[in-house]
S.K.: 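Okay, handing you the structure first.
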Amino acid sequence: MSIRFYNTITRQKEAFQPLETGKVKMYTCGPTVYDYAHIGNYRTFIFEDLLRRYLEFRGFDVTQAMNLTDVDDNTIRRSRERSISLTELTNEFKTAFHADLKTLNMQAAHQYPEATNYIPEMIQMISELENRGYTYTAADGSVFFKIAKYEQYGKLANLNPDEMLSGGRVADDSYEKEGARDFALWKGYKPEDGDVHWESPWGQGRPGWHIECSVMSTELLGPHFDIHCGGVDNIFPHHENELAQSVCATGADFVNYWLHSEYLLVDNKKMSKSLNNFYTLRDLMELGYPAEAIRWMLITTHYRQKLNFSVSRLVESQKAVNRLREFFEKLKAYAGSGQDDAQDQIKTGGESFISAMDDDLNISGGLAAIFELVRWGNRSMVEGTLSSTGAKSLIDLIRKFDHVLAVLDMDSGLTVDIDAEFIEAKIVARKAARDNKDFASGDAIRDELVALGVELIDTPEGTKWKIK
RNA sequence: GGCGUGGUGCCCAAGUUGGUCUAAGGGAGUGGUUUGCAAAACCAUCAUUCGCCGGUUCGAAUCCGACCCACGCCUCCA
């Protein structure tokens, strides 16, 4: 059996076959760094994290590049609004982005190419397109890609260029184009661009949005690579345009598998900056929702399924994480001496997980396999039939699963306004009361701490506490 | 107008190349076990039913047709 992915360009699931055996090269569209990313944005990034982690789980050597768009209309406009330089603005949000990735326990990409570091290469690719006759230059020094010259245009998005409506937004476009659907490779300088401009064969200006990804993916992964991902809103126009540029410039095939994640919704509407219905990661953490609950919520709905965000889902997610973590902790503390080495369950559990996840990352099926194992393991521990080697084997398997899920070792990111010493002192006082059978005093201490957001858990190894 | 996705128990959600679905898994609920309390865990229970109508078939959540509803894309967007 092999891994199968739903490929946007063929609109069907296909067996995954990397270009080079055992190695996967993936390019994942990253953020435009003009503001904090919201959790809808993170849904896509976390899907990409899941994809990469699963490929690694299956033994592939993965190379991932994620671009950071640090020059475009939004970044320029925002930096001027704030009267700071473009670099100053984008550095602020690059830093914030990396911090958020860490909070959500995403693996760092191997490369984070930034658009402004690839201007010469972009000019080179545009020149190549010009040489091959795919461009024209407008009076203002802008260079456009002539989609009429590329007969495959529209294949990825499944759009027929002749039937595409010319909406109001096109009329707003102040660049001079021959065809309404042609897109800018290079934008001639305009006063609104301030000091953001570079010298080019077509005069002062700045790159169009799409060219950066064609150039940076080619530079870092080669002209032809395995997987390209992003949110479904990138299918058109961004990825369609990238595909056109790359194929026309290099003459090579571009991407073998296009994978796109669906939207995160709020009240059944797309979460977006323009609808102003978004939450940032920081917003949610300030409201007291741990990062692990957020990660779990985003990861456990299939990536091609719309996910309706709600607070109750975060609460449910936290409980699911807790169930897995409690199981893991119980296994580690298990001291029973049964005879069952759990080999049958480990075999079927592992196989079920893989066969589900191999099918286009069917995470629900994968989780079902894990939780069936959890229930069996808990029962075996309660009944004492599990052997200590069985417990160790289960721990190893859960660790492997957690390479993919990546929640067990997460820092909750939560804090309380009281220090650990205070809590420890309360625990000692409570123990003294309980040793004297003074349960009323002991319970009063428990209640006091609960009111402060701290939960006490009595275990055979003593009383532990956690932030609730 | 063109293209596309989805409607499964109280909530989330898998299953949709027909039978093993007497519909997985998580959360909530209910009843038990365990527990000084709490937490966790375990057991039992929780859809004769898969938006609606009709059809094909020995057999349909899964195929076909019509319809209803929700959402998205058609040059800001993850």
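Reminder, nothing fancy here: chain letters follow the sequence lines and each chain counts from 1. Heavy atoms only: backbone and side chains are in, while hydrogens, waters and symmetry mates are out.
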S.K.: Where does RNA chain B form stems of at least three consecutive Watson-Crick or G-U wobble pairs, each pair having both distances below 3.5 Å?
M.R.: B:1-7 with B:68-74, B:10-12 with B:25-27, B:29-33 with B:41-45, B:53-55 with B:63-65
S.K.: Find the distance A/Tyr303:OH to B/rG6:P and express it as a whole number of Å.
M.R.: 12 Å
S.K.: Taking only side-chain nitrogens and oxygens of A/Arg304, does any of them come within less than 4.0 Å of OP1 or OP2 of B/rG6?
M.R.: no
S.K.: Is there a donor and acceptor pair, one atom on the side chain of A/Arg434 and one on the base of B/rG36, closer than 3.5 Å?
M.R.: yes
S.K.: Taking the P atom of each, how far is B/rA60 from B/rU20, in whole Å?
M.R.: 11 Å
S.K.: So do the side chains of A/Met66 and A/Gln64 get within less than 4.5 Å of each other, counting heavy atoms only?
M.R.: yes
S.K.: With rounding to the closest Å, how many angstrom separate the C1' atoms on B/rC10 and B/rA28?
M.R.: 7 Å
S.K.: Looking only at the side chain of A/Phe236 (C-beta and beyond, no hydrogens), which of the listed nucleotides B/rC73, B/rG72, B/rA38 gets closest?
M.R.: B/rC73
S.K.: For the side chain of A/Lys330, starting at C-beta, report the closest nucleotide among B/rA70, B/rA40, B/rC43.
M.R.: B/rA40
S.K.: Check A/Arg430 with A/Asp443, please: is the shortest side-chain N to carboxylate O separation under 4.0 Å?
M.R.: no
S.K.: Counting neighbours of NZ on A/Lys273 that are heavy atoms of other residues, nucleotides or ligands and sit closer than 6.0 Å, is the number greater than 12?
M.R.: yes
S.K.: How many Å lie between NZ on A/Lys270 and P on B/rC71, as a whole number?
M.R.: 14 Å
S.K.: For A/Tyr34 and A/Phe371, find the nucleotide of RNA chain B closest to each by heavy atoms; which residue's nucleotide sits nearer the 5' end?
M.R.: A/Phe371
S.K.: Respond yes when some side-chain nitrogen or oxygen of A/Asn378 is under 4.0 Å from OP1 or OP2 of B/rC42, and no when none is.
M.R.: yes
S.K.: Would you say A/Lys319 reaches B/rA28's phosphate, i.e. side-chain N/O to OP1/OP2 under 4.0 Å?
M.R.: yes
S.K.: Please find out if less than 6.0 Å separates the ring center of A/Phe93 from that of A/Tyr36.
M.R.: yes
S.K.: Sticking with atom P, work out how far B/rC53 lies from B/rA13, rounded to a whole angstrom.
M.R.: 24 Å
S.K.: Less than 3.5 Å apart, any donor N or O on the side chain of A/Thr75 or A/Thr90 sitting next to an acceptor on the other?
M.R.: no
S.K.: On a whole-Å scale, what distance lies between the C1' atoms belonging to B/rC58 and B/rA70?
M.R.: 37 Å
S.K.: Has A/Phe439 got its ring stacked on B/rG36, by the test of a centre gap below 5.5 Å and a plane angle below 30°?
M.R.: yes
S.K.: With rounding to the closest Å, how many angstrom separate the C1' atoms on B/rG6 and B/rC12?
M.R.: 15 Å
S.K.: Separation of A/Arg379 atom CZ from B/rA44 atom C1', in whole Å?
M.R.: 13 Å
S.K.: Please tell me which of A/Gly30 and A/Arg430 maps to the more 5' nucleotide of RNA chain B, matching each residue to the nucleotide holding its nearest heavy atom.
M.R.: A/Arg430
S.K.: Tabulate protein N/O versus nucleotide N/O from nucleotides 8-14 of chain B, keeping only pairs under 3.5 Å, one per line.
M.R.:
from: B/rC12; atom 1: O3'; to: A/Arg313; atom 2: NH1; distance (Å): 2.8
from: B/rC12; atom 1: O2'; to: A/Arg313; atom 2: NH2; distance (Å): 3.0
from: B/rA13; atom 1: O2'; to: A/Ser364; atom 2: OG; distance (Å): 3.1
from: B/rA14; atom 1: O3'; to: A/Asn362; atom 2: ND2; distance (Å): 3.2

S.K.: Mind checking whether A/Ile211 and A/Phe145 have side chains closer than 4.5 Å, heavy atoms only?
M.R.: no
S.K.: Starting at atom CG of A/Asp458, determine the distance to atom P of B/rA40, rounded to an integer number of angstrom.
M.R.: 13 Å
S.K.: Quick one: is A/Arg323 getting a side-chain N or O under 4.0 Å of the B/rC42 phosphate, OP1 or OP2?
M.R.: yes
S.K.: Counting side-chain heavy atoms from C-beta on, which of B/rA78, B/rC3, B/rC42 comes nearest to A/Asn158?
M.R.: B/rC3
S.K.: Does A/Glu48 reach a base, just sugar-phosphate, or nothing at all? Heavy atoms under 4.0 Å.
M.R.: nothing
S.K.: Is A/Thr463 close to A/Lys431 at the side-chain level, that is, under 4.5 Å between some pair of heavy atoms?
M.R.: no
S.K.: Between A/Lys464 and B/rA40, is there a side-chain N or O to OP1/OP2 distance below 4.0 Å?
M.R.: no
S.K.: Rounding to the closest angstrom, what is the interatomic distance between B/rU16 and B/rG51 at atom C1'?
M.R.: 15 Å
S.K.: Considering residues at least two apart in sequence or located in another chain, which fulfil the side-chain contact (heavy atoms from CB on, under 4.5 Å) criterion with A/Glu424?
M.R.: A/Ile427, A/Trp465
S.K.: If I take atom CG in residue A/Leu50 and atom P in nucleotide B/rA78, what distance separates them, rounded to the nearest angstrom?
M.R.: 21 Å
S.K.: Please report, rounded to the nearest Å, how far the P atom of B/rC43 is from the CE atom of A/Met381.
M.R.: 12 Å
S.K.: For the side chain of A/Asp443 and the base of B/rG36, is some donor closer than 3.5 Å to an acceptor across the two?
M.R.: yes
S.K.: Between A/Asp226 and A/Tyr257, do the side chains contain an N or O donor and an N or O acceptor separated by less than 3.5 Å?
M.R.: no
S.K.: From CD of A/Glu455 over to C1' of B/rA39, roughly how many Å is that when rounded to an integer?
M.R.: 6 Å
S.K.: Would you mind reading off the distance between A/Asp35 atom CG and B/rA78 atom P, rounded to a whole angstrom?
M.R.: 11 Å
S.K.: Does A/Arg11 make a cation-pi contact with A/Tyr6, if we ask for NZ or CZ under 6.0 Å from the ring centre and within 45° of the axis?
M.R.: no
S.K.: For B/rG55 versus B/rC21, give the span between their P atoms, rounded off to a whole number of Å.
M.R.: 27 Å
S.K.: Roughly how many Å apart are B/rU35 and B/rA78, using the C1' atom of each and rounding to a whole number?
M.R.: 48 Å
S.K.: Assess the side chains of A/Tyr136 and A/Asp182: does a donor N or O sit below 3.5 Å from an acceptor N or O?
M.R.: yes
S.K.: Measuring from the side chain of A/Leu159 (C-beta onward, heavy atoms only), which nucleotide among B/rG72, B/rC74, B/rA24 has the closest atom?
M.R.: B/rC74
S.K.: Are the aromatic ring centres of A/Tyr334 and A/Phe327 under 6.0 angstrom apart?
M.R.: no
